[in-house]
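Have a look at the structure below before the remarks.
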Amino acid sequence: MAAVSVRDVSIAFGSMPVLDRLSIEVAAGEFLVLLGPSGCGKSTLLNAMAGLIDVEDGEIHFGERNVTWEEPKDRGVAMVFQSYALYPRMSVRENLSFGLRMARTQKAEIEARVARAAAMLQIEHLLDRRPSELSGGQRQRVAIGRALVRDADIFLFDEPLSNLDAQLRNELRVEIKRLHQRLADTTMIYVTHDQIEALTLADRVAVMKDRRIQQLAPPAEIYNRPANLFVAGFVGSPRMNFVEGRIEAPDGALVFRAGDRRLALDAYEFARRPAPGSAATLGVRPEHIGVLEAGEDVHAWSGLHVDIVEPMGADSLVWCRDGETTLAVRMAGEKPIAPGAAVRLVLDPARASLFDPASGERL
Amino acid sequence: MAAVSVRDVSIAFGSMPVLDRLSIEVAAGEFLVLLGPSGCGKSTLLNAMAGLIDVEDGEIHFGERNVTWEEPKDRGVAMVFQSYALYPRMSVRENLSFGLRMARTQKAEIEARVARAAAMLQIEHLLDRRPSELSGGQRQRVAIGRALVRDADIFLFDEPLSNLDAQLRNELRVEIKRLHQRLADTTMIYVTHDQIEALTLADRVAVMKDRRIQQLAPPAEIYNRPANLFVAGFVGSPRMNFVEGRIEAPDGALVFRAGDRRLALDAYEFARRPAPGSAATLGVRPEHIGVLEAGEDVHAWSGLHVDIVEPMGADSLVWCRDGETTLAVRMAGEKPIAPGAAVRLVLDPARASLFDPASGERL
Amino acid sequence: QEAEVIHWWTSGGESAALQEFVSRFEAAGGTWVDTAIAGGTNARTAGINRIVGGDAPTAMQFNTGRQFEEVAAGGLLNDIEAVASRGGWRDLIPASFVDAISYDGEIYAVPVNIHGQNWMFYNNAVLEEAGVAPPQTWEDVLAAAEKIEAAGKIPFAQGGEPWQERTLFNAVLAGHGGPELYDRLYAQNDVAALDTEEFRAVADVFGRLRAIVDEGSPGRSWNETTNLVVTGRAAMQLMGDWAKGEFLAAGQTPGEEYGCALVGANEALIIGGDVFVFPATDDEAQRAAQEMLAEVMFSPEAQIAFNNVKGSIPVRSDVDVSGMDACAQRGAEVMSDPAKQVPQVNLVASSDLVGAVDDVITQYWNDPSMDADAFVARFREAMEIAG
Amino acid sequence: MHTMLTKERERLPVRVDVATPAGSARRARRRIRPSTLFALAPMAVVVGVVYLGAMAWTVRLSTTSSKLLPTYDFVGLDQYERLFANARFLVSLQNMVVFGVLFIAACLVLGFLLAVLIDQRVKAEGLLRTIYLYPHALSFIVTGLAWQWFLNPELGLQRAVREAGFESFAFAWLADGETALYALVLAGVWQSSGLVMVILLAGLRGVDPDLWKAARVDGIPAWRYYLSIVLPLIGPMIVTATVLLAIAVVKLYDLVVAMTKGGPGIATEVPAKFVMDHLFERANVGLGTAAATVMLVTVLAVLTPWLYARYGSTSGRPA
Amino acid sequence: MTSAVVTSTDRARGGITARGRRPRRLTAGRIGLYAFLASAALFFLLPAWIMLLTSLKPMEEIRQGTIFALPLAPTLEAWAAAWGSACTGLTCEGISVGFWNSVRILVPSVILSVLLGALNGYALSFWPVRGANVLFAILLAGAFVPYQVFLYPLVRMFSSVGIYNSLAGIVLVHVIFGMPIMTLLFRNFYASLPRELFNAARVDGGGFFTIFLRVMLPMSTPILVVAVILQVTGVWNDFILGLTFAGRENLPMTVQLNNIVNSTHGVRLYNVDMAATVLTGVVPLAIYFVTGRWFVRGIAAGAVKG
Ligand SMILES: Nc1ncnc2c1ncn2[C@@H]1O[C@H](COP(=O)(O)OP(=O)(O)OP(=O)(O)O)[C@@H](O)[C@H]1O
Ligand SMILES: Nc1ncnc2c1ncn2[C@@H]1O[C@H](COP(=O)(O)OP(=O)(O)OP(=O)(O)O)[C@@H](O)[C@H]1O
Ligand SMILES: [Mg+2]
Ligand SMILES: [Mg+2]
C-alpha cells in the first residue's frame, strides 16, 4: 500500500501549467527526495500533497484515503516551508507549541516535545524570542522545529536546510535521517537542491523537470545510471563531463569515438543497444577519470593540458583541456597537479553513461 | 589603500550586542567571504557596510572616505539580500532596472544590462512577471540580478545562492567569480555558509563567531591551519575529527597520545610549542586519514570497526568507531568497505591540527 | 447698494416670507445678496466668525433677545439709532422688545416679527370623538387626557428635544403660574420665586403632563409631533405659531380641522421673534445699505406682507391685521394688552441661564422618578450658578 | 592583493585603535537628512502653530469669564468649579466612557469579522464591501433621522411588529433613558464598522499567504489563525482603527444631535455636545473651553503613557 | 519500496474513483459565512431602505403611512426637487448648486492631505528624526480636540494671512485637520512593511523622495484606498469647516443639504431630505466603489520571507 499516491495530477497558475498529469507513489516509511531545478514545480507538488493548492485534475491518496479534497489539517501532514512562514507575533516557544495546543495536547506533553525539538535544533536559548529577532538560519530551524513537534504520518520538507550553515546542515541532515529511522512508519517527502542531501537522505530520489518526473530511483541508480541527459547533468557536483561522439563497431565490439579518442564499451551495460554509426553523448563523472603522468597506457586519452585547478578542500577539480574539449577531473589533495601540465586521462567505461543526443535518453 | 575598512565597529539591537569592536580591512579588488554560524552577525556587518544599520561606535571607511554617516546610495555599493527584498509592485524587469533608472542611465544601456543579467541568470522568460509569481529560487535569482546590473565599486552579497539548485549554484558561483575578475577593481564581500563557495570564491575568508572574527586568512590556510577549535570544526565538510589526548615527550620528540594510540609530531608545524604533559585536542580531517586493511604499519591506530558508511556520490564517509572514539574517514568510491569490518587508520601528522582544549587556540 | 444678509430662513415658507423683504429692498434700489444657513447656531457662528475674520456681512439675523448684546459691547455692531428715532420705533413695539434690541440706550437691531410661542394646537375631530371641549386651562388638558386615551388617541403630543420641553414648561409657567411669576423668575432672577405656591403648582402640573404623552416622544422633532395632530393620531400639541405651517402644508385651515388656544386663565402669550443686526463697517455705502435695510424691514407694508407669510405677528402695533388667519388675529388681539405679553426667556435672561434651566427642565421631564421637590431644588441650583 | 593585511587577527585591533583615537569615533548617533526635515516641515508647522496654539488658547480661555466672545480677563478655576458642579457634564463624561467602550469594542469586533469573512474569497466582494461601507458616506443629519424613525416605538420596528400581530413586542430603546445610549451605539456601529472593516482589510491583504498555509497544515482552525496570528500581525492597523474610533467617540456630536439631542433628559449627553452648546448656543465660551480642556486633559491622561511608550522614547519603529 | 511511476493509462482503466473538479463545496461553514455576510448586509441596508422608501413617497403618504410601507404612488419628484428645485433660502436650485464647489474643494484637499499623510507616515517610519515622534504625538492628541475649539483661532490666523474665505483657505483647513489621521494611517501601515525592501531601495540609489514615490507608494494601494475613503468622506460631508472657511463663492454642497434638511422652524419635506442626503452621498459612494478594486491581495508576497 503506497502511503502517498499522486495520480495524474495537473496544476496550473492561471494559464501556465506547472504540473502536467504527474503521478508518483511513495511507500509507507519511505524517504523520498524531490530534486529539480528552480521553478520546476517542486514546491507546488508538495503544496498539493499538503492540500494547500487545489489540484485541477487528478487525485491524491494517502494510504486508502482519497484526500484530494480534504482539508490540510485532516491529512495528518507536517510541513516545513521554504519561506519559514513563522507566526510573527509569537515567541519561538509559541510557534512550536501552537499546533499542539490546537490539538489539545497535554501541557506536559507539549513541553516535553518542544523541549526535545528545541534541543535537537539547538534553539533552546531562542525559545522566548520573536521571529523578527532571529537570523535567517535561526528562523529556518524554528520552522523545522514546528514540524518536528507534530506527530504526523507524513512529513513534507520544502528545502528546510537551505539557509543553514554547513555544520548545522550536516547535523540537521543526520537528525532528520535519524528522525526518519526512529519514526519508522513516517513517510517523508523532501524537496532540496542539495546533492548531498538528496543522495544521503533519500530512499528514492525523484528528479523533476518541465512539469514531469524525469527519473524516480534510489540515489545510487540516479547517480550511476541517470536515465537521461538532464538527470545526468543535474545530479552530481561537480558536474558530469559530456563528450559528443559516435558509436562505432570497427571489429564487432562497440566503441565510443570522439575525434581520434576512443573508449571501448565492452564493460558498458547498455539500456538499449544503439546501431553502430549513430551519434552518442558520453557522460563521465570527474571522479571516474584517472590521470596518468607516465605514458604507458594505450587506452588513455592524450593531448590534454591542465587548464585550471580548483581547490575544494579535501580534493581539487582539475580542468583538462584540448581545444573545444574540456574534461573536469577530480583528484585528491589540494594542488595535485600544476596548471599547464600535459595529462593523459583514463575513463572508466563501466561507470560512464551514454545518451542519445537527440532524445537525451540513456543508451 | 584598503577599499573597505571597518574600524572598531560595535552594533547592538537594544541591549543585545551583535558586533563588538569588530575591525576588518578589505583590499581593493579583493574577494572576501564572511563565514560563520547562523546568527553570528554576518548580515548585520554587511548591512552596516551598506549603511543600512547605523553603527553605535567605530567607523567605516571606503578608500579614503569615511562613510560612517553617509547615505547608502552615496556609498556606491550593490547588495543582494538574504530575504530577496524584491519590489513587489514592479515586474522583474522593473526590479532589475530600478537602480539604473535611479542613476539616470541611458535607456539603451539599461536594456542591454538587464538583458545581459537576465541571460546570465536564466530569467529572461520571467522578465514580465511580478515577484509573487516566482518560485523561491527564481526570486533569489532576480535579487542577484538586481545587484549585477549595477555598476558599483563594492558588491555585498548576503547568501545569494542559498536557494538555488546545485547546478545553478555552480554556474552562478563561476559567474560571480568571473564578474569579479572582469571588474578587477571591484571589491566583493560575500556572506555564505557554503564551504565550497567560501573556499572557491574567496581571496580571504573571515570566520566569524560570538561577535568577533575568529580567523581572517586565505581559504587554504583556513582549511589547513585553522586558528582555533571553532574554525577547525566549522570549516570543512564533512567535519574534522577531534580526539582528546595529551602531548608527551617520551624520548625527547613530541608525541600526541590518546589512550594507547599515539601520533608522532615530528612533522607537525607548531604555532607555539606546548609543554609536554599538557592536554591537547588533535584535529584531523576525514580525507587525511588512510585506511589499512593489512596489518603491517606500526603507526596505525587499530581496534576500530566500521560503524556506518555514508555514500556521498563520488566518495563515501566511513565512520570508524571504538567505544567512545569515532573517526570519520573519507574514502573514494561508493561502498569502499563493509560496515563491521575492522580497520586500522593512518593519520597524517603534517595535515593535522593540535589545539589547546582550554583556550581552543591552535598549538 | 449691495447688502449681504445672513439668516437661517431656509425652508420654503420661510424664504417666501423673506422674499417680501427682498423685493421691497430691491424696489428701493438695493441689491440683496442672500446667505442662507440653516440652523440658528450655524448661522450665528458663521456670522460671528466672519465678523471676527474681517469679512462681515451687511446684516445678520439673531433671535430677539440678549444674544447679540456682547457683540454690540465689543464694538462690532453699528447702531441704527438714527433710523429708529426717525421712525419712532420705541412707541410702536412692545416694551420688552425695545429693551431687547437696545444696548446702552441705543437701538442696534431691527425687530421683524413676533412669534407666539405657547399655542395649543388641537385636532377638532379627535376632541369631538373623545367628547371633550378645547382646553382652557392646564387642568383641562390633564382632565381631557383620560377620555382621549380611551378613544385610542394620544392625548398630548410632545416632541423630545430640550427646546420643546422648555417651550412647554414656559407655557405652563406663564399659563398656570402667570406672567408675574414668569417675570420674577427670569427677568428679575428672583430665586425666592421658587418658594412660592404658584411655582410648586407649575412644577406639579408640568410633572403630571409627563404621564399623558406617548412613548415615541423622546427625540422626536416638532414637525413629526405636529403631524400626529394633523393626521388625527394625537389630540393636542403645544408649539409656537410656526406649527401652523404644517397644518397649512396638509391643506388644513385654523378654525376648521384644527384650532389654537392659549391655555391658562390669564391668556398670557409668550412672545419672541427675530431681529437683524448690522456689523460695524466704515464703508459708507454699506452703512447706507444697512440703514436702508432697517427702514425697509420695519416698514408697515413689509411687516404685513412678511408676517402674513411667516405666520407670525407684525412687531408694529399700528398695522392692520384683519387679513391674517384666525390664530394670528387672536394673537394680535392679545398683543394689544401689554399685561398679557410675556417675553420669551431669551429676551430677558442670559443664554447661560436659559441653557442651565433647559438642562433642569429636560431632566425633570424625562425622568418619571424625579419629583417636584427635586425639580425645584435643581432649578434653584441652576439659577444660583448661572444667574 | 591583500597586502595591507596581516594574517594575525590579533594585530588588527591594535592598528585600528591607533587610527581612531578615543573620542573622535563617537559621533551623533543619527544622520541629519535635509529631505526628511523638509518633508516633515509642514507637519511641524501645523503642530506648532495650529494644534499647540489652539490648545494653549483653549486652556487660556478656560480661565476667563468669556461669554459669546473671548475676553482675556482671569478668573482662576471658576469655570472648572462650575463645570464639575454640573450634572450634565458629569453625565456626559460617563456617557462618553460607556459609549466609547461599547462602540469601539463592537466596531472592532464586527469590523474584524467582516474583514475576515470578506477575505475568504467571497463572491461579490466589491458589492458587499461597498454595502458595509456606505453608511460612512452619508451625512448623519438625515441617516440619524432614519434610525430615529426605525427605533421610535410609534413609527418603527415596534409598531411594525405589533401590527404584524405580536402585541407584546417591545423595542423602545430610544424612548428610555436607560437604553437610549445603546441605541446610539447601534447607530454608531452601523456607521463606523464598515470603515474598520476596510482598514483591517488593508492590513489583512498585507499578510504573507504562506502563514495561512503553515497554519492550515498545523491544523489551526481558521478562527484561531485569525485571532492568534493575524490579529497580532495587523496590530498597527487595529491601533489605527482604534484611534480613529476613539477620536470619533471623543468628538461624538452629530450622532447625538441627529438622534436624541442628548435626551431623553440628559441621558445621552456627551462632552463634545456640551462644548458645542456652550461655545455657540449658550454663549459661554469660558465654560465651553473649560469643558474642552477637561476633555483634552482626559485624553492626554489616557494617551500619554501609551504615546510615550510607543512613539516617544524610542527612535525607530515599534518592534 | 514500491515501484516507479504509475502510468496514466493504467489508472484510467482502473478508474478507482471518479476524478474531476473539486466538488462544489457548499459546506456548512461556507453557508454560515454567506448567511452572516448577508444578514450583516441587511443590517447595513436597513436605514438606506427606509430612506429610499421615504424619498419615493409624496409627503401625504409620509404623514399617513408607516415608515416600512411601500410607496403607493412612487414618485421621483422628491429627487428632482432635491437636486434641482428645493429652496434653500432665496435660491431654489436644490443641492446641485454647491456640487462643483464641493468638487473643487474635494480634489485638492484629498490629494494634498493623503500625500502629506503618506509622506509624514513614511518619514516617521523609515527616517527617524529626533523629535519627530513627539510632534506626531502632539498631532495625535490634537485630533481628539473638537474642531469647534479651533474655529475661532484659525479664523483669526487665516484672516491675518489673507486666506480666510478662499478656496486655498478651506483646502488648507482640510489638510490641517486631516493630518493626524492620515499620518497615523500611513505610519502604522509602513511600520508593518518589511524593512528589507526599504534597505534594498536605499542601496539601489533611491533618495528620500524616490523611494517614497517609486517603491512605497505603489505598495500602499490598500491603505491609500482607506485614506482616500476617509478623506473623501470627511471633506465631502464636512459642513462646519466649509461654512466657516470657504467663503460665499465656494460654499460646498453640504451647506445646501443642511439648509434643506436642517431648517429649524420651517416645514420639513422628509422625502426631499432623504433624496438630498442620498444624492449628496453619491460622490463618496462612487469613489468607494471605484477605489475598492485596488484592494488586491497579497502586497507583501514575494517581498520577504520572515
Ligand atoms: N532586529 C533585530 N532585533 C533583535 N535582534 C536581532 C535583530 N536582527 C538580528 N538580530 C540578532 O542579531 C544576531 C545577528 O543577526 P544576523 O542577521 O546578522 O545573523 P547572520 O550571521 O546573518 O545569520 P544567518 O546566517 O542565519 O543569516 C542574531 O543573533 C539575531 O538573533
Ligand atoms: N502564485 C503564482 N503565480 C504564478 N506562477 C507561479 C506562482 N507560484 C509559482 N509559480 C510558478 O510556478 C512554477 C513552479 O513554482 P514552484 O514554487 O513550485 O517551484 P520550485 O520547484 O519550488 O522552485 P524553487 O526551487 O526555486 O523553490 C515556477 O515557474 C513559478 O514561477
Ligand atoms: Mg520551491
Ligand atoms: Mg544573515
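These values consider heavy atoms only, across backbone and side chains, with no hydrogens, waters or symmetry-generated copies. Proteins get letters first, then strands, A, B, ... in listed order; numbering begins at 1 in each. Just so we're clear, the structure is a prediction, and the values are computed from it rather than from any experiment.
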Please flag which part of [X] lies under 4.5 Å from any non-hydrogen atom of chain E: side chain, backbone, both or neither.
| X | answer |
| --- | --- |
| D:Leu128 | side chain |
| D:Leu186 | both |
| D:Ile199 | both |
| D:Val275 | side chain |
| D:Met43 | both |
| D:Val249 | neither |

Contact leader toward chain D among [options], where contacts are heavy-atom pairs under 4.5 Å:
| options | result |
| --- | --- |
| E:Phe239, E:Phe212, E:Trp236, E:Phe150 | E:Phe150 |
| E:Leu135, E:Leu37, E:Ile223 | E:Leu37 |
| E:Ile181, E:Leu116, E:Leu151, E:Val175 | E:Ile181 |
| E:Ala123, E:Ala276, E:Pro284, E:Ala41 | E:Ala41 |
| E:Ala143, E:Ala40, E:Gly234 | E:Ala143 |

Identify which one of E:Asn259, E:Leu257, E:Asn258 satisfies the side chain to side chain contact (heavy atoms under 4.5 Å, CB included) criterion when paired with E:Val255.
->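 It is E:Asn259; the other options fail the test.
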Output field: ring centroids E:Tyr122/E:Phe208 closer than 6.0 Å =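 Yes; E:Phe208 has its ring centre under 6.0 Å from that of E:Tyr122.
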Please find out if less than 6.0 Å separates the ring center of D:Phe150 from that of D:Trp190.
->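 No, ring centres 6.0 Å or more apart.
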What residue pairs, at least two apart or across chains, pass salt bridge (Lys or Arg N to Asp or Glu O under 4.0 Å) with a residue in residues 270-280 of chain E?
-> E:Arg268-E:Asp273
When only pairs under 4.5 Å are counted, which of D:Leu117, D:Thr143, D:Leu279, D:Leu244 shares the most heavy-atom pairs with chain E?
->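 Top count of heavy-atom pairs under 4.5 Å with chain E: D:Leu117.
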Could you tabulate the donor-acceptor pairs under 3.5 Å formed by side-chain atoms of residues 42-52 of chain E, not counting sequence neighbours?
none

